[in-house]
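Reviewing the structure listed below.
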Amino acid sequence: MGNDDAGVMQKIVSLSKRRGFIFQSSEIYGGMNGCWDYGPLGVELKRNVKELWWSDMVTKHDDVSVLDGAIEPFEMTGLDCTILMHPQVWKCSGHHDLFHDMMIDCRETKRRYRHEQVRGRWARAKESRIFVTVISDPEQEQELLTARAQKFFGLRAKERDQIQWDGPIVSLVEIDDFSEVLGPDAKEIATLTEPREFNLMFKTSVGALRSDDNTVYLRPETAQGIFLNFKNVVDSSRVRIPFGIAQIGKSFRNEITPRNFTFRVREFEQMELEFFCHPDSSQEWYRYWRDRRLQWYQDLGLSGEHLRLREHDASELSHYSTGTADIEYAFPFLPEGEFGELEGVAHRGDFDLRSHMEGKLDPSTYPLEVQKGDDGKPLWKGSGKDLSYRDPVTNERFMPHVIEPSAGVDRAALAFLCEAYTEDMAPDEKGQMQGRVVLRFHPRIAPIKAAVLPLVKKDGMPEFARDIYKDLKREFPVFYDLKGAIGRRYRRMDEAGTPFCITIDGETLSDETVTLRERDSMKQIRMSVSEATQAIREAIQT
RNA sequence: GCGGGUGUAGCUUAGUGGUAAAGCACCAGCCUUCCAAGCUGGCUAUGUGGGUUCGAUUCCCAUCACCCGCUCCA
């Protein structure tokens with residue numbers, strides 16, 4: 001699907017509800033902002049996404065061959081850790097600091113700023129004194145402040161020297177009373193609200209009584225649990241670096257503005273891999289995983305111009321990261337030419353393991369150093385446990401570097417749904433062309449793999465069909481439907497994205513052949529039951 | 001969090017200060033041998049809470065949700 005039709009997203013949302021892919025959470029109570037439920041078809045779609053990822057990553061991983069693009073064989077394992085973790089985890093990971101921004105709003109311009117990013121200086125002119133603020137690079141700060149002050153006081157350019165400056169440029173954090181503050185984009189003073197805390201991590205408490213002492217957080221990502229268990233996995237499973245630990249699970253972020261159906265939500269599911277490798281080969285592994293993850297989406301049908309890989313440029317990268325790429329999809333709800341992130345593949349160096357070992361590292365330092373508080377002590381203490389790795393063959397001890405492909409299950413499912421949504425034309429029983437809605441899922445993604453349909457409800461056809469249905473159901477999701485006109489049943493299956501229909505007719509009863517109808521082409525081929533079954537099996541396994 | 005818009009059946013829409021209309025879908029039955037509209041019958045709705053009023057789905061207020069723009073996007 002393209003984003004040429006602005007209404008296509010509405011149609012997808014409507015279809016999702018009508019056919020049971022996705023419902024608004026708590027709908028009968030009026031809905032819950034940023035929460036969505038998966039219905040009977042949606043849950044199968046989502047399970048397919050997760051199972052295809054898990055089998056590709058873990059269960060079907062070939063750990064004895066050198067895979068295309070890899071430098072050596074490697075092992076892959078899985079993990080399932082808790083959503084609630086020790087509060088120190090989020091302090092050392094950096095989420096605690098980053099997720100507790102103090103924000104201020106401007107009542108005049110409706111803009112929002114991070115409290116500490118607003119900087120300014122006291123200025124005096126025409127017998128009044130205000131605190132002028134800007135958001136700017138340090139080099140341009142004074143120039144912008146002068147321009148803003150000049151405009152506020154109504155001075156001409158050559159009258160600039162009438163402005164008297166009091167004290168140095170300081171953060172707005174130093175100012176208690178905003179009644180004489182000129183906001184960064186405001187024309188009048190006193191338009192800024194008091195700083196308000198935005199809790200981007202959900203808090204809860206352990207034990208019956210709620211207090212500051214027992215506050216814990218719902219995890220905002222699954223990745224940290226993998227780092228915490230790195231040593232456990234190494235000690236218990238005989239894996240050797242390079243190897244990966246994969247995990248699928250729910251995460252929670254208190255998004256300020258949930259938006260765009262299931263794209264930005266407060267409760268979501270992640271598929272994350274932490275791949276541990278030697279620092280010397282980390283760049284090659286980064287490229288390997290970046291390319292392999294892109295290929296995964298392409299193999300499942302997200303090929304073409306709607307999918308792209310975008311390498312972050314240096315200014316976007318964290319100081320400790322030597323590479324990050326986003327795999328992005330052009331969702332229909334986005335403006336033309338814009339893409340939304342499906343997955344981020346990041347080279348994270350040794351930031352995470354060292355942070356959990358030594359204490360939270362300061363991301364702005366190079367080489368990385370433990371972040372210090374005002375008292376000169378570590379801001380957040382690490383576990384003190386040795387998380388370095390000793391190679392049992394070379395005896396070399398080192399901190400592994402980490403490549404992190406982190407994907408959103410809900411976003412992937414939504415992308416597959418959007419990509420699949422197609423409107424085309426099909427003939428009715430009189431040969432007149434009629435509009436048709438079809439979800440062209442890859443057979444591996446499709447919630448239902450095949451429908452078994454008796455052509456008419458008599459002459460033993462339903463009985464024959466039921467036997468086939470029961471057989472197939474042991475292998476993969478199948479649907480049985482004997483009601484109504486055959487064309488209507490085909491269209492229903494098209495709308496659910498079912499790739500194949502097996503139809504039992506009069507001929508079946510004499511020679512045990514059926515017709516296999518393919519969803520996209522609507523072509524039918526007569527073959528034996530076992531040939532039809534095998535054809536479906538192969539399409540699912542491709 | 002701000003501004004604008006929307007909210008009627010499962011879906012798409014109509015309409016009204018006085019019994020809420022239709023198409024599709026769905027269910028039951030009949031008919032049907034390959035691509036949705038054959039026949040009969042049936043189910044289902046004014047997001048939630050207040051207010052004005054004899055009476056509110058309609059007018060007003062609040063709230064919730066969704067969409068668009070800003071903001072945010074670790």
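The structure displayed is predicted, hence computed values, not measured ones. Letters A, B, ... mirror the listed sequences (proteins, then strands); counts begin at 1.
Among the protein residues, Gly34(A) comes within range of the sugar-phosphate backbone only, with heavy atoms under 4.0 Å from sugar or phosphate atoms but none that close to a base. Base engagement by Arg491(A) is indicated by at least one non-hydrogen atom pair under 4.0 Å involving a base atom. Nucleic acid contact class of Asn33(A) (heavy atoms, under 4.0 Å, all strands): sugar-phosphate only. Heavy atoms of Lys457(A) sit under 4.0 angstrom from at least one base atom. Glu507(A) comes within 4.0 angstrom of nothing in the nucleic acid, heavy atoms only.
Nucleotide rG17(B) forms a pair with no other nucleotide shown, judged by Watson-Crick or G-U wobble geometry with both contacts under 3.5 Å. The pairing partner recorded for rC11(B) is rG23(B), the criterion being a Watson-Crick or G-U wobble arrangement whose two distances lie under 3.5 angstrom. Using N1 to N3 plus N6-O4 or O6-N4 for Watson-Crick, or N1-O2 and O6-N3 for G-U wobble, each under 3.5 Å, rU48(B) pairs with rA62(B). rG38(B) is paired with rC30(B) under the criterion used here, namely a Watson-Crick or G-U wobble arrangement in which both key atom distances are under 3.5 Å. Base pairing of rG69(B) is made with rC2(B), judged by Watson-Crick or G-U wobble geometry with both donor-acceptor distances under 3.5 Å.
Straight-line distance from the CZ atom of Arg488(A) to the C1' atom of rU33(B): 17 Å, rounded to whole Å. Note: CD (Glu255(A)) to P (rC72(B)) measures 13 Å, nearest angstrom. The CE atom of Met527(A) sits 19 Å away from the P atom of rC34(B) (whole-angstrom rounding). Straight-line distance from the CG atom of Asp505(A) to the C1' atom of rC35(B): 14 Å, rounded to whole Å. Atom CG of Leu455(A) is separated from atom P of rU32(B) by 13 Å (rounded to the nearest Å). As a whole-Å value, the separation of Glu338(A) CD from rG69(B) P is 9 Å. At whole-Å resolution of the value, NE2 in His95(A) and P in rC73(B) are 14 Å apart. When rounded to the nearest whole Å, the span between CD1 of Ile486(A) and P of rC34(B) equals 10 Å.
rC67(B) and rC61(B) are spaced 24 Å apart, taking the P atom of each and rounding to whole Å. Rounded to a whole angstrom, the distance from the P atom of rU13(B) to that of rU6(B) is 14 Å. A distance of about 37 Å separates the P atoms of rA28(B) and rU58(B), rounded to the whole Å. Rounded to whole Å, the separation between the C1' atoms of rC68(B) and rG42(B) comes to 41 Å. One P atom belongs to rU48(B), the other to rA65(B), and the distance between them is 15 Å to the nearest Å. A distance of about 12 Å separates the P atoms of rG7(B) and rU12(B), rounded to the whole Å. Rounded to whole Å, the separation between the P atoms of rC66(B) and rC59(B) comes to 24 Å. Across the P atoms, rC11(B) and rC70(B) are found 30 Å apart, a figure rounded to whole Å.
Among Arg489(A), Arg492(A), Arg488(A), the one residue that satisfies the side-chain hydrogen bond (donor to acceptor under 3.5 Å, both in side chains) test with Asp481(A) is Arg492(A). The ring pair (Phe, Tyr, Trp, His ring centres under 6.0 Å) test with Phe331(A) singles out one residue from Phe263(A), Tyr421(A), Phe261(A), and that residue is Phe263(A).
Listed in residue order, the members of residues 259-272 of chain A having a heavy atom less than 4.0 Å from RNA chain B are Arg259(A), Asn260(A), Phe261(A), Arg264(A). Residues of residues 23-31 of chain A that place a heavy atom closer than 4.0 Å to RNA chain B, in numerical order, are Gln24(A), Gly30(A), Gly31(A).
In this structure, a donor-acceptor pair under 3.5 Å is present between the side chains of Tyr297(A) and Glu343(A). Using modelled atom types, one finds a donor on one side chain and an acceptor on the other under 3.5 Å when comparing His347(A) with Ser282(A). For Thr324(A) and Ser321(A), the side-chain atoms include at least one donor-acceptor pair closer than 3.5 Å. Residues Ser406(A) and Glu272(A) have side chains that bring a donor and an acceptor to within less than 3.5 angstrom of each other.
Using a 4.0 Å cut-off, some side-chain N or O of Arg492(A) falls inside it from OP1 or OP2 of rC26(B). Residue Ser14(A) places at least one side-chain N or O under 4.0 Å from the OP1 or OP2 atom of rU12(B).
Aromatic pair Phe23(A)/Trp36(A): centroids not less than 6.0 angstrom apart.
The 5' end of RNA chain B is approached more closely, in terms of each residue's nearest nucleotide, by Met32(A) than by the other of Met32(A) and Gly94(A).
Ring planes of Phe276(A) and Phe230(A): tilted class, angle from 30 to 60°.
In terms of polar N and O atoms assigned as donor or acceptor, the side chain of Arg489(A) never comes within less than 3.5 Å of the base of rC35(B) in a complementary pairing.
Counting only heavy atoms from C-beta on, Val456(A) has its side chain closest to rU33(B) among rC34(B), rG10(B), rU33(B). When distances are taken from the side chain of Phe333(A) to each of rU32(B), rC68(B), rC66(B), the shortest belongs to rC68(B).
Taking the centre and axis of the six-membered ring of Tyr490(A), the NZ or CZ atom of Arg517(A) falls inside the cone set by 45° and 6.0 Å.
With values rounded to the nearest 0.5 angstrom, Lys17(A) atom NZ is found 13.0 Å from Leu15(A) atom CG. Atom CZ of Phe339(A) sits about 10.5 Å away from atom CZ of Arg310(A), to the nearest 0.5 Å.
Closest of all the heavy-atom pairs between Lys360(A) and Cys92(A) is CG-O, 3.4 Å.
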